[in-house]
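Heads up: the structure comes next, in structure tokens.
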Amino acid sequence: MLSEPRAGRLTAWGNALLAGLVSPDDAVLAIVGEDAVHRVEGLPVESAPVGLTLALGRLRTLGVTGLRLALPAPGHPLGLSGPPEFNARALDAEQAVVCYGASFGLVPEVYEAGPEGDVHVEVVWHVLPVREAPPADVPSLGEAERELAEALREATELLTRLDVAGAGPVAEAAVDAYRARAERGREVLAPGYPPRAVRVLELAQRVGTLIVVATESGHGGAVSASEMGARREALRPVERTARRAQVAAYNSVVEERERGVR
């Protein structure tokens, strides 16, 4: 939850490019981030992988007017609409981009190469057909914000009860990491996103921090196996809420367009 998914960057900056708010060079630079290179494979009429700039232009000519993020997990096809082949690939990658305006989806495949200490990352986006249907289980921004506020209260109460909120240096480091990311939060979503989407994404990241604190800070006060199991079970719906909110934030531009809100 604390790291921005590659499919999130493609969704946000692809939407900004499609809306004419950023240049192709700026969009591609933001999407690639710290990776070495991104290529797109499986585009109609392209017999070989192509670069992101050409791919985004080709998708526009094919009728794509917006992009949506999907963050599926086992038992929770968040943001997906089928068919099964695409859903399975997206679930394996734990992320995908679904096009709006044309029936295509993109799933990233990540490759690492190079010696230890000098590893570079290459990403191939596989273009696959998708079903034209509403994405699964994506809330509106308003719903996501309300759900997150409740989830944050529940998570804080749970971690306090289990003595995890004060679990020492690891917890402090996780909170510091969140604060650093929150300072950069307005750089995550690209131009054209409403302020509420930024706010929802930042809150989702905060909830994600608490989940990391609970799962990476050792046993804290939960000294028994039963208490550890109770912690995992209690945090599962909180994590699900945070993922739903993250998707709602990235997809807000397309959702507002569908409702005719600009």
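Position 1 is the first residue of the sequence; numbering continues from there. Because the structure is a prediction, the values reported are computed rather than measured. What you see below is based on every heavy atom in this structure, not just the backbone, and it leaves out hydrogens, waters and symmetry mates.
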Give every donor-acceptor pair under 3.5 Å between a side-chain atom in residues 32-56 and any protein atom, sequence neighbours left out.
residue : atom : partner : partner atom : Å
D35     : OD1  : R6      : NH2          : 3.0
D35     : OD2  : R6      : NE           : 2.8
D35     : OD2  : H38     : NE2          : 2.8
H38     : ND1  : W125    : NE1          : 3.0
E41     : OE1  : H126    : ND1          : 3.2
E46     : OE2  : R58     : NE           : 3.3
E46     : OE2  : R58     : NH2          : 2.4

Notebook entry, point to check: Are more than 12 heavy atoms from other residues, nucleotides or ligands located less than 6.0 Å from atom CD of E132?
Noted result: no

Next item on the list: Only counting residues at least two apart or in another chain, list the ones meeting side-chain hydrogen bond (donor to acceptor under 3.5 Å, both in side chains) with R196.
Entry: E145

Next item on the list: Supply the atom-to-atom distance R89 CZ to N87 CG, rounded to the nearest 0.5 angstrom.
Entry: 12.5 Å

Checklist line | Apart from V124 itself, residues in the same hydrophobic cluster as defined by side-chain heavy atoms under 4.5 Å | finding: Y111

Check: Taking atom types as modelled, is there a side-chain donor on R243 or H76 under 3.5 Å from an acceptor on the other?
Finding: yes

Next item on the list: Indicate, with yes or no, if L17 and F104 share a hydrophobic cluster defined by side-chain heavy-atom contacts under 4.5 Å among Ile, Leu, Val, Met, Phe, Trp and Tyr.
Entry: yes

Checklist line | Exercise: do Y250 and E4 side chains pair donor with acceptor under 3.5 Å | finding: yes

Notebook entry, point to check: Do L59 and V22 share a hydrophobic cluster (ILVMFWY, side-chain heavy atoms under 4.5 Å, transitive)?
Noted result: yes

Check: Does the side chain of Q95 come within less than 4.5 Å of P108's, by heavy atoms?
Finding: yes

Margin query: Please report the interatomic distance CD(E256) to CG(N251), rounded to the nearest 0.5 Å.
Written below: 11.5 Å

Next item on the list: Verify whether one side chain among T241 and E147 offers a donor that lies under 3.5 Å from an acceptor in the other.
Entry: no

Next item on the list: Mind checking the CG-CZ spacing from L148 to R199? Nearest 0.5 Å is all I need.
Entry: 11.5 Å

Notebook entry, point to check: Would one find more than 12 heavy atoms of other residues, nucleotides or ligands at under 6.0 Å from atom CD of E85?
Noted result: no

Margin query: Can you tell me how far apart OG (S81) and CZ (R68) are? Round to the nearest 0.5 Å.
Written below: 8.5 Å

Next item on the list: Walk me through it: do E239 and R236 pass the test salt bridge (charged side-chain N to carboxylate O under 4.0 Å, His left out)?
Entry: CA-CA 5 Å; E239 187 275 337; R236 185 170 289 116; over 6 Å; no

Item checked: Nearest-0.5 Å distance, CG of residue L29 to CH2 of residue W13 -> 9.0 Å

Next item on the list: Determine the sole option in L128, L106, L91 for which the side chain to side chain contact (heavy atoms under 4.5 Å, CB included) test with F86 is passed.
Entry: L128

Note to self: A side-chain contact here means heavy atoms from C-beta on lying under 4.5 Å apart; do L18 and L67 qualify?
What the structure shows: yes

Note to self: Is the shortest side-chain heavy-atom distance between T65 and R257 below 4.5 Å?
What the structure shows: yes

Check: Would Y100 and Y193 show up in the same hydrophobic cluster when neighbours are defined by side-chain heavy atoms closer than 4.5 Å?
Finding: no

Check: For the residue pair P83 and P129, what are the closest heavy atoms and their distance?
Finding: CD-O, 3.4 Å

Item checked: Minimal non-hydrogen separation, L141 against A248, with atom names -> CD2-O, 3.8 Å

Item checked: Side-chain touch V123/E109, heavy atoms, less than 4.5 angstrom -> no

Notebook entry, point to check: Any chain of hydrophobic side-chain contacts (each under 4.5 Å) joining V247 to L80?
Noted result: no

Next item on the list: Would you name the heavy atoms of A249 and V200 that are closest together and state the gap between them?
Entry: CB-CG1, 4.4 Å

Checklist line | Validation row: R146, E143 side chains within 4.5 angstrom (heavy atoms) | finding: yes

Checklist line | Inter-residue atom distance L69.CG - S252.OG, 0.5 Å rounding | finding: 11.0 Å

Next item on the list: Using the rule that two of Ile, Leu, Val, Met, Phe, Trp, Tyr join whenever any of their side-chain heavy atoms come within less than 4.5 Å, decide whether L71 and V138 are in one cluster.
Entry: yes

